[in-house]
Amino acid sequence: MKAEAYPCPLPGGAAASELALVFDRDRAKRVLVAPALFDEATRMRRFTVEVMRRLDGAGLDCFLPDLPGCNESEQDLALVEPEDWRMALEAAARHFGATHVLAIRGGGLLLPPKLPGWHYAPVKGSSLIRTLLRARIIASREAGVDEDAATVMDQGLSLGLDLAGYALSGEMLRQLDQALPPRRADLIPLDQETIGGGALWLRAEPDEDPAQADALAAIVSMALAA
Amino acid sequence: MRSAIDRKLRKILSEVLGLKPGQADDFTSKTGLFGALPELDSMAVAGLLTEMEDRLDIVIDEDEIDAEIFETYGSLLDFAIAKQADA
């Protein structure tokens, strides 16, 4: 496993350099991993990398790109739109020569259209936004500030919004709120029942579950071994 | 109906709190939640609410979210049952 940069297009034609975690031994089957978003990205990170270790062990190359504005990115999240993330995933897919995709949760909302693969625990963009908005309302109430969700969202759509520590642009809120998991014949949804165990993205503290990582990696590696 | 909601709610809480299978069976109506369990912060409570909506097929209005609902397991269960009766 190593960190490797990939060129990521910026609006206006320039390019930024973003990091990706890669298991690359020049093998034929190459899986782009689209990470979960926001707070779920943190809680799903270890699970995601554990799945990648297993894919590597099963003879598959795999790549986990940072999205612009997240992790080690130099971009300002407050200026990022979902389209920038889609372009980043497309650029990473091209750079690493991905043949398949494994999307985790909200990562599936941003996929480049051409790669076949799997979408683990699909979620609507509106559910992600609603949860973040609620966390803010609950935290505000605890601090003695009574906020109204609809008013906060309205302000956010025009001015951008800080949700659970993430500075989100109005465009990010608007587009994500409408984003639905893609329904494509070549993108197989995998629900939590298929993987077994409790949903790790719900965990109050980040956790891991080797059995779940085994299950997800097995589905992908068996399909690609065929 | 109460027992079905009870079962689902214990399962969701198990996932949020990372409990082992069966551990949530020990919850009583007086078991403290928000305030008693430090890991149950605003983000975790928000995730819990969204998951309750999905699995119990209810809609929770932000105005209804009150610290008292999360005080004990019993108060959360009563809230969920009342919501599902409305649905």
What part of [X] lies closer than 4.5 angstrom to a heavy atom of chain B: side chain, backbone, both or neither?
X: A:D146; value: neither
X: A:R141; value: side chain
X: A:E147; value: neither

State, yes or no, whether a side-chain contact exists between [X] and [Y] at a heavy-atom distance under 4.5 Å.
X: A:R130; Y: B:E62; result: yes
X: B:M43; Y: A:L132; result: yes
X: B:L49; Y: A:T131; result: no

### chain A contact via B:I60 - which portion, at a heavy-atom distance below 4.5 Å
both

### Task
Tell me, for B:E51 versus chain A, whether the close heavy atoms (under 4.5 Å) come from the side chain, the backbone, both or neither.
side chain

### Message
Quick check for you: among A:A149, A:A164, A:A199, which has the greatest number of heavy-atom pairs under 4.5 Å with chain B?
### Response
A:A199

### Query
Who wins among B:S42, B:A67, B:G47 for the most heavy-atom pairs under 4.5 Å with chain A?
B:S42

### Query
CD of B:E15 to CG of A:L202: how many Å apart, nearest 0.5 Å?
6.0 Å

### Task
Could you tell me the separation between the CD atom of A:E205 and the CG atom of B:D41, rounded to the nearest 0.5 Å?
7.5 Å

### Task
Locate the shortest heavy-atom distance separating A:R203 from B:L17; write the atom from each residue and the value.
CD-C, 4.3 Å

### Task
Verify the neighbour count for atom CG of B:D61: are there more than 12 heavy atoms of other residues, nucleotides or ligands below 6.0 Å?
yes

